[in-house]
Amino acid sequence: MFTKILIANRGEIACRVAATARRMGIKTVAVYSEVDANAKHVAVCDEAVLIGPAPAKESYLRADKIIEVALATGAQAIHPGYGFLSENEGFAEACAKAGLAFIGPPASAIRAMGSKSAAKALMETARVPLVPGYHGDDQDAGLLQSQADKIGYPVLLKASAGGGGKGMRIVERSADFKSALESCKREAINSFGDDKVLVEKYLTRPRHIEIQVFADTHGGCVYLFERDCSVQRRHQKVLEEAPAPDMTAERRAAMGEAAVAAAKAVGYVGAGTVEFIANQDGSFYFMEMNTRLQVEHPVTEMITGLDLVEWQLRVAAGEKLPLRQEQLRINGHAIEARVYAENPEKGFLPSIGTLRHMRTPAAVTFELGGGTDGPAAVRIDSGVREGDAISPFYDPMIAKLIIWGEDRAQALQRMAQALSEYQIVGLASNIAFLHRLVTSKPFSGADLDTGLIERHHAALFPSAGQAGLPVLALAVAALLGDEKKSAGGDPWGDSDGWRMNGTLRRQLDFADDGNAYPLTVSYGSDSWLLELGTNQALLQVTARQGSRLSLKLGDHAVHGDVVRDGETFHVFSDGKHAVLNWADPLAHAGESEAEGGRLTAPMPGKIVAVLTQAGATVEAGTPLLIMEAMKMEHTIAAPGPGVVEDLLYAVGDQVAEGAQLLAFKLAETSAA
């Protein structure tokens with residue numbers, strides 16, 4: 001077995017690999033970019049070496065530098081994690097040439113499965129069912145469109161070298177094919193350095209089911225059952241679970257045996273995932289093979305009790321697989337939710353910033369492979385801590401929340417509870433959306449397909465309602481408590497509201513995104529009377545410990561956490577997160593709202609396409625330019641009918657968050 005390995009990755013997967021290595025007595029070397037100098041993965045490894053600036057192509061994608069560090073530190077093997085260099089055949093070959101073990105499949109297997117089109121040709125030879133499509137090398141735009149017309153719309157354009165939902169476009173009609181192809185190729189070349197695409201029939205209500213496979217160098221190969229990854233947004237997974245709901249034993253065996261056959265066909269070694277697209281009737285088609293450990297591997301670990309990273313290390317060291325197929329068993333049900341720094345209400349736009357406050361559900365300590373009696377109910381895999389920053393350079397994942405239950409119903413209940421306990425302040429997150437999704441009728445009822453989120457958009461994205469008096473009372477109590485604390489015993493600064501001949505009445509103005517709350521507070525000796533319109537209630541604080549508040553509001557008990565960030569109050573209560581802004585009468589007035597015709601960058605990024613010109617008259621919704629940020633493309637569209645007065649950036653320019661991208665005059669402004 002290895003005594004020291006280098007982890008060529010960052011974030012939660014680097015921390016995950018380090019945890020298993022530590023349990024096995026293996027030393028670890030971390031690599032990091034300049035922006036990651038204080039990252040969690042640097043702290044949890046035994047050694048850490050700087051490899052370059054923040055951009056991945058200058059650090060985490062520097063294969064030569066990473067191998068140089070591995071040799072210099074005495075590492076015997078490199079674990080690539082997922083993403084970055086994990087499926088780079090050149091990197092695997094370079095490791096072997098340098099005398100380092102690559103903790104992954106051989107370069108030949110990566111090469112065989114690295115091209116989606118080549119992989120499909122291989123599977124066709126192996127008689128694995130394929131979705132109707134074109135997977136050829138001829139990439140002439142006219143030919144591709146004719147193939148799409150022949151297949152019949154809707155079709156799916158997919159980057160041949162892609163993954164993670166990048167370089168994918170659904171095309172509903174022939175007239176949209178050209179622009180979709182250009183966008184797909186552009187994103188593919190930026191993400192993978194290869195703009196080759198394939199065209200497939202787009203199934204209308206498919207499920208995404210994948211099989212975890214493992215092979216050793218002694219001819220052994222097993223499947224560790226399936227994961228259902230159907231719930232997706234922008235072709236990226238949001239929730240994963242194992243086993244797949246409504247999976248029969250016969251279908252599981254058929255898919256598992258097909259996955260093993262696929263792995264053996266390319267001489268596979270190590271952990272891999274064979275992904276299938278499945279119809280509601282039970283039929284399934286090969287989609288692709290990921291030649292690495294998957295983000296969602298923890299759900300497989302939770303239902304099998306196995307440590308897949310340990311298996312990777314043992315196989316890479318030349319050992320046989322620890323178990324045979326007949327020895328593998330499914331125990332219970334596991335669900336994983338990906339907690340992201342993103343805003344679901346704004347098209348899942350990634351968010352950057354500092355995690356100024358983070359409170360997670362209590363995780364049960366559980367070491368896979370450590371001989372424990374049973375799985376933990378709650379597991380959190382994370383590469384960040386409170387105070388860390390989510391930067392624009394890498395994937396905005398905060399954590400993976402993994403829940404185990406004796407059955408799916410118990411796992412769902414535990415997941416909903418855990419999400420209600422998760423608190424994040426400092427940037428947008430998808431936690432509230434995940435809670436709505438997990439508790440929604442389609443997901444809880446296992447009515448699954450890859451279009452679930454879009455199909456149930458109205459229910460999953462309800463219009464924001466007004467904050468209730470209990471939520472407002474928590475914010476008021478926190479504010480008044482802060483004022484009393486800041487007085488520090490100074491009688492002239494005391495804020496108890498005492499008056500010699502009357503009662504102090506004071507207005508506190510709170511607001512959220514859609515509503516204003518002018519509250520009147522009347523001070524009493526040990527309580528306050530709150531009034532909001534015709535509603536009123538007596539407020540008493542019964543306990544306060546840190547951010548946790550317990551109140552008596554009229555005849556009701558109210559509990560919650562209030563985290564203050566400047567003049568913004570984040571109220572966590574009853575599993576919900578309300579954001580209330582207080583208008584401090586002593587503070588300076590805020591800046592005026594931007595003009596209606598000013599279009600700004602939603603986040604830092606690069607201009608990849610300009611679709612208009614100065615002087616152009618456009619209609620509402622007309623695409624004006626395209627930005628690339630956080631590895632995804634974002635289209636900036638006209639907010640209304642008007643005229644493009646000036647273009648302020650060109651293709652290739654880097655822009656900062658909030659930067660004005662172009663000067664635009666709305667038609668109604670000019671008419672005025």
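Basis for what follows: all heavy atoms, side chains included, without hydrogens, waters or symmetry-related copies. Just so it is clear, the structure is predicted and the values come from calculations on it, not from any experiment.
No salt bridge links Asp46 with Arg22; every basic N to acidic carboxylate O contact stays at or beyond 4.0 Å. The residues Asp395 and Arg10 are annotated as not salt-bridged, no charged nitrogen and carboxylate oxygen being separated by less than 4.0 angstrom. One finds a salt bridge joining Glu87 and Arg292 here, because a Lys/Arg side-chain nitrogen approaches an Asp/Glu carboxylate oxygen to under 4.0 Å. Using a cutoff of 4.0 Å between basic side-chain nitrogens and carboxylate oxygens, Asp388 and Arg385 are scored as salt-bridged. Ion pairing of Glu296 with Lys400 is absent here, as no side-chain N (NZ or NE/NH1/NH2) approaches a carboxylate O to less than 4.0 Å. Ionic pairing of Arg379 and Glu301 is present here: one or more N-O contacts between side-chain nitrogen and carboxylate oxygen are shorter than 4.0 angstrom.
Checking Arg564 against Thr568 by side-chain atom types alone, no donor-acceptor pair falls below 3.5 Å. For Arg169 and Ser183, the side-chain atoms include at least one donor-acceptor pair closer than 3.5 Å. For the residue pair Tyr32/Ser59, the side-chain donor-acceptor check at 3.5 Å is not satisfied. In the model, Ser351 has no side-chain atom that pairs as donor or acceptor with a side-chain atom of Asn343 under 3.5 Å. Side chains of Thr300 and Arg227: a donor-acceptor N/O pair is present below 3.5 angstrom, by distance only. Between the side chains of His208 and Gln232, at least one donor N or O sits under 3.5 Å from an acceptor N or O. Residues Ser547 and Asp561 bring a donor and an acceptor atom of their side chains to less than 3.5 Å of each other.
Below 30°, between 30° and 60°, or above 60°: for Trp582 and Phe569 the angle between ring planes is above 60°, a perpendicular geometry. Aromatic ring orientation, Phe461 versus Phe433: parallel (interplanar angle below 30°, classes split at 30° and 60°).
At most 12 heavy atoms of other shown residues, nucleotides or ligands fall within 6.0 angstrom of atom CD in Gln413. More than 12 heavy-atom neighbours from other residues, nucleotides or ligands sit within 6.0 angstrom of CG on Asp509. Heavy-atom neighbours of Glu454 CD from other residues, nucleotides or ligands within 6.0 Å: above the threshold of 12.
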- Task: With ring pair (Phe, Tyr, Trp, His ring centres under 6.0 Å) as the test, would you mind laying out the steps for His577 and His570 before giving the verdict?
- Result: CA-CA 7 Å; His577 177 195; His570 294 261; 5.1 Å; yes
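With His435 contributing its side chain and Gln417 its backbone, the two residues share no donor-acceptor pair below 3.5 Å. When atom types are taken as modelled, the side chain of Arg436 and the backbone of Leu460 share a donor-acceptor pair closer than 3.5 angstrom.
Because its NZ or CZ atom is both nearer than 6.0 Å to the ring centre of Phe348 and within 45° of the ring axis, Arg233 counts as a cation-pi partner of that residue.
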